[in-house]
Amino acid sequence: MEHWSATTIQAFRQTLLAWYDREGRDLPWRQDQDPYHVWVSEVMLQQTQVNTVIPYYLNFMATFPTVNDLASADQETLLKAWQGLGYYSRARNLQRAAQQVVQDYHGKWPETAAGLADLTGIGPYTSCAIASIAFGEVVPAVDGNAFRVFSRLLMIEDDIAKPQTRKLFEQIIQPIVDPTRPGAFNQAIMDLGSSYMTSKNPDTVHSPVREFDASFKADRVREFPLKTKAPRPKLIPYYAVIVQSPAGFLLTQRTAQEMLTGYWTFPLVTQTDLQDENTAEPASLDADIATLEHRWATEYQVPVKLSPVGGQPVSHTYTHQRWQVKLLVAVLAKTPTLTFYPGKWVSAEQIVDLPLPKVQEKIMARYEKQGHPGVFGVN
DNA sequence: GACTCGTGGTA
DNA sequence: TTACCAAGAGT
């Protein structure tokens, strides 16, 4: 691992910031240093690319112009504004933090990373990003870009997948951060990491800081950063139970104990959940349908006659799970009262007004293609 | 410290 | 299709 002298650090800052002033990106959240703007953008950008965030950010600011608007927003509006961005707990944590700022802090933001980190959804990276950009605190914002950029510049061989490695990078970067322009420094590292020092196809030859890049000089750029790979997603078979009545389709809202909390889907049940009622035998489709029909008749008191929908199951992959969803449909002549099932009837054309996760959109698209063209208007 | 938690893009 | 990546945080 390389070590920089004070002279090298000064030269690096000068080179980096001169490049940033010349070629730094003009992004919607860089119009000013309003902590609300910086905060919303930073949360949206967690594990999400800039080009994906831009339209969401613009719409979000039009919908919730101030932290007070966000704090008092109803959750359906909030989740709809976040639909498609993913990691949906970010949206709920964002509103919780807005309420903290308004109520606990009387609208006055904490101005240090340590203070900001007390707000829900603001962790070690985001606290430092906001503190440096909005309040000028001299702290390193250590995100994926910082890991990648500095692991290459200094040939740091520690595994960035290990939580412990963050502390090392913070210690290494802290004395390098420009004390006069910490926010610009951190954002410059991010711009560098998304242009010349990318993960795939880096263009280090033309990097403005190539003279500081030890891995480039050693022709070992592609070896950094070191990162152990994640396990592949686990396959989980699901059934989507599509129940239609004169009142529309039956939708249910994901609970706080489930992923996709607050979003609406057709009733979903895992295959394993059905097998627990019988034996441990690998159940056939017919057996699963029989089990489901029995459950809906007795537990929910909504008798249904289920039929499989043609075509391949809907496949949807998350970071750690791969869902394979088989579609089952039931058409009811009368609309049952939903006393024992936690859901509501929604007309076909109103479903898309609800906050929906991607997997629900895929299920609706598959249903349309299997003999019900255009009923939801998703294709 | 290891898991959980979304989606879109790219090789 | 598969694998991996992209401005991480909460539990």
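Note: hydrogens, waters and symmetry copies are ignored here, and every other heavy atom, side chains too, is used. Order of the sequence lines sets the chain letters (A, B, ...), proteins ahead of strands, with each chain counted from 1.
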Contact list (N/O, under 3.5 angstrom) for nucleotides 3-5 of chain B vs protein:
from: B:dC5; atom 1: OP2; to: A:H320; atom 2: NE2; distance (Å): 2.6

Mapping A:T261 and A:N201 to their closest nucleotides on DNA chain B, which lands nearer the 5' end? A:T261
Respond yes when some side-chain nitrogen or oxygen of A:Q47 is under 4.0 Å from OP1 or OP2 of C:dG8, and no when none is. yes
Does any donor-acceptor pair link the side chain of A:R25 with the base of C:dA7 at a separation under 3.5 Å? yes
Atom CE of A:M197 and atom P of C:dC5: how far apart are they, to the nearest Å? 16 Å
Is there a donor on the side chain of A:T317 or the base of B:dG6 sitting less than 3.5 Å from an acceptor on the other? no
A:K229 side chain N/O closer than 4.0 Å to the phosphate oxygens (OP1, OP2) of C:dA3? no
Measure from NZ or CZ of A:K305 to the centre of the six-membered ring of A:W296 and say whether it is under 6.0 Å with the direction within 45° of the ring axis. no
The residue, A:S41 or A:A230, whose nearest nucleotide of DNA chain C is more 5′ is A:A230
Taking only the C1' atom of each, what is the distance from B:dG1 to C:dA9 in whole angstrom? 15 Å
Which atom of A:P140 lies closest to which atom of A:N186, heavy atoms considered: CA-OD1, 3.7 Å
Closest-nucleotide ordering on DNA chain B, the 5'-leading residue of A:K200 and A:L85: A:L85
Just to be sure I understand the rule, does A:V53 reach a base, reach only the sugar-phosphate, or reach nothing, if contact means heavy atoms closer than 4.0 Å? nothing
Going by number, which of residues 140-157 of chain A have a non-hydrogen atom under 4.0 Å from DNA chain C? A:D143, A:G144, A:N145, A:R148
Using residues 321-329 of chain A as the side-chain source, report each donor-acceptor pair under 3.5 Å to any protein atom, sequence neighbours left out, with the distance given to one decimal.
from: A:Q321; atom 1: OE1; to: A:W323; atom 2: NE1; distance (Å): 2.7

